[in-house]
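A note on names: the letters A, B, ... follow the listed sequences, proteins ahead of strands, and every chain is numbered from 1.
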Amino acid sequence: MNYAQCGLSRVATTALLMLAACNKPDIEPNTAIRAPQPLSLISEISGAGEFHPSGVAGLPNCGVVLVGAQWGTVVYIGNDGRSTSKEIKLPGFRSTTRLETNQQNGEVLAWSLHPVLAASLDTEGAGIDTAVVLKHRWGGSRMGPAAPLLNGDYAVAPLSTRDAPVRRPSPRATAPLIHVAHHDGTEYASVGELPDTSGLYLPSLLSTMTLGSYADTIRAVTHSDAIVRTYVRDTATGQYLEHSTVALPRYFDSPPVKERVFTYPWIQVSGDVTQFEHVPHIATATFGSEGRLYAVRNYSAHWLKFPSPFFPQGGLWVPNARALEVYDVNGKLLGSYFIPKINIHWLRADRNGRLFIRDSVPRILVVDDPASKAKACAPLPATVKIDVKETP
Amino acid sequence: MRTRPTNVVALILVVTFAGQLVHRKWQSRWLPITGPTIGEPLPAVEMRLAGQRNVVASTDEFTSRNQCTLMVFFRPNCSVCSRMRTDWRERWAVSSDSIDAPIRTIWLTDHPEEATAPFTAGYHLGGIEFSTMVPSKKQSAELLGVYGTPTTFLLDRAGRLRVGVIGNQLPPADSARAACHKA
């Protein structure tokens, strides 16, 4: 508790805390945390001009493919560090298109929320193959965290994006967590259910997850509770069945999750103003080869107050002390890592022992995957400039 | 005089209970949020058409033009507004396909014209009027009930607010027909 923020004495603050909740006490770790080891930087990839990478994937041939955030320009970087554009663009303007590597065959899936998109990228740079996005039972086509499967199939969790939690159409509406679809958009399996909780947005918020695939399984880790679930394909029926559940370590006691929803009387369409109180145990994650999980873990949090015209308790939880933890396919902690002065926004792992990390500035940092024995690629140059203009 | 433990406990309970009441009362009060009223004209806010510094119009003039109006409130640094700018025309054409009367379209911002120029460049064609508020300050936006961008208002032929929309969406087709058809 920061007593000085309230301008009150310790005793007075303790008394008033019960009455007015002037601030919220900090969330502290409840267990010992392994000291993280530093990761060493191999290369820094950034745009020479306005190219801001929105997605990245390592290719089997040691090249790297990136997609720009402005106009969806696809850029390939050879192992010599030279960047080339094949004049391929993914649809959308200022969209956030993510790239996911199929760890079995090296194919790349591109997905975005706005516009709703799923597409396979040709790793040779010859083209893209747009997949059909299935219709969701809550209405419309939705995309979310996705994972490529074999034969162009893909798994998707359409309601599971922290950045854009989806409003429940009715108080008791529920839906599967993960849908599995063919390339043509036909759904052939669905697994899991949204968390059984009240609230308009909380089921979607609490199902925020990262998806991956390994052999004939789909793997999902929910950020809120740090639980990894594995679903195995039943070869007879084609359905996916829940196979195992592993709870990763939790380093703090989560406060109760809350939502507050306010609507304007003069707005009839999508006018919810929302405030959430939520501290997920995982900030961001990705699955790598051999089923490994790379998760940026939150260790503590503090309440950041800011004035809001709508909510008396304007503010949000800000997680602290993050580190990258690597787990094997069974959930065993392999190591804990950090990069000095770098705040990891999101990351991707490839099959050649490289980690691609997007930090606060629009660049990609390439580091050696400390958990991978595959070191098939020569290191990229220390600095790679993408000399490609993003234009309509 | 010694204080009995039961009195202390009772005092704590009373203080806690009273505190909870005060806290709930405090939580439930809504800070004043202004905005327009459905079925009423917009509050009067002055605006300038882009590139015409001397021409000042006012939102309350919509009541006398006998023309329905689609007003999109944007900010030049709003990425959703940028996305909406690129494809709204096609989507609006679908919504307004069966409407037999012209619709005035205004994209309005509270940013100064200099800051807005990169956003509006190349989009002046097709009957869209880009406007900046006068004066360019936040209070005007709040007067119109715009707390996030893009916010879209559909005004009927009498200048009354029919539908408000937040985000990259447009008023539904049935609302557009009801607001804009000739009498």
Open item on the list: Taking ring-ring contact (aromatic ring centres under 6.0 Å, His included) as the definition, give me every residue that meets it alongside W346(A), ordered by chain and number, with sequence neighbours left out.
Closed with: none
Task: chain A contacts, top residue of V165(B), V80(B), L170(B) (heavy-atom pairs, under 4.5 Å) - done: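 Max contact count across the listed options: V165(B).
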TODO: Measure distances from T151(B) to the heavy atoms of chain A and classify the residue's part below 4.5 Å as side chain, backbone, both or neither.
DONE: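 For T151(B), side-chain heavy atoms alone lie under 4.5 Å from chain A.
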- [ ] With a 4.5 angstrom heavy-atom cut-off, could you sort out which part of P171(B) is near chain A: side chain, backbone, both or neither?
- [x] neither
Open item on the list: Looking at A179(B), is its backbone amide N or carbonyl O close enough to the side chain of R157(B) to form a donor-acceptor pair, meaning the two atoms are under 3.5 Å apart?
Closed with: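 The answer is no, because no donor-acceptor pair under 3.5 Å joins these two groups.
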Task: Q275(A) side chain to G315(A) backbone, donor-acceptor under 3.5 Å - done: yes
TODO: Kindly write out the residues that satisfy salt bridge (Lys or Arg N to Asp or Glu O under 4.0 Å) with R358(A), not counting sequence neighbours, or none if the list is empty.
DONE: none
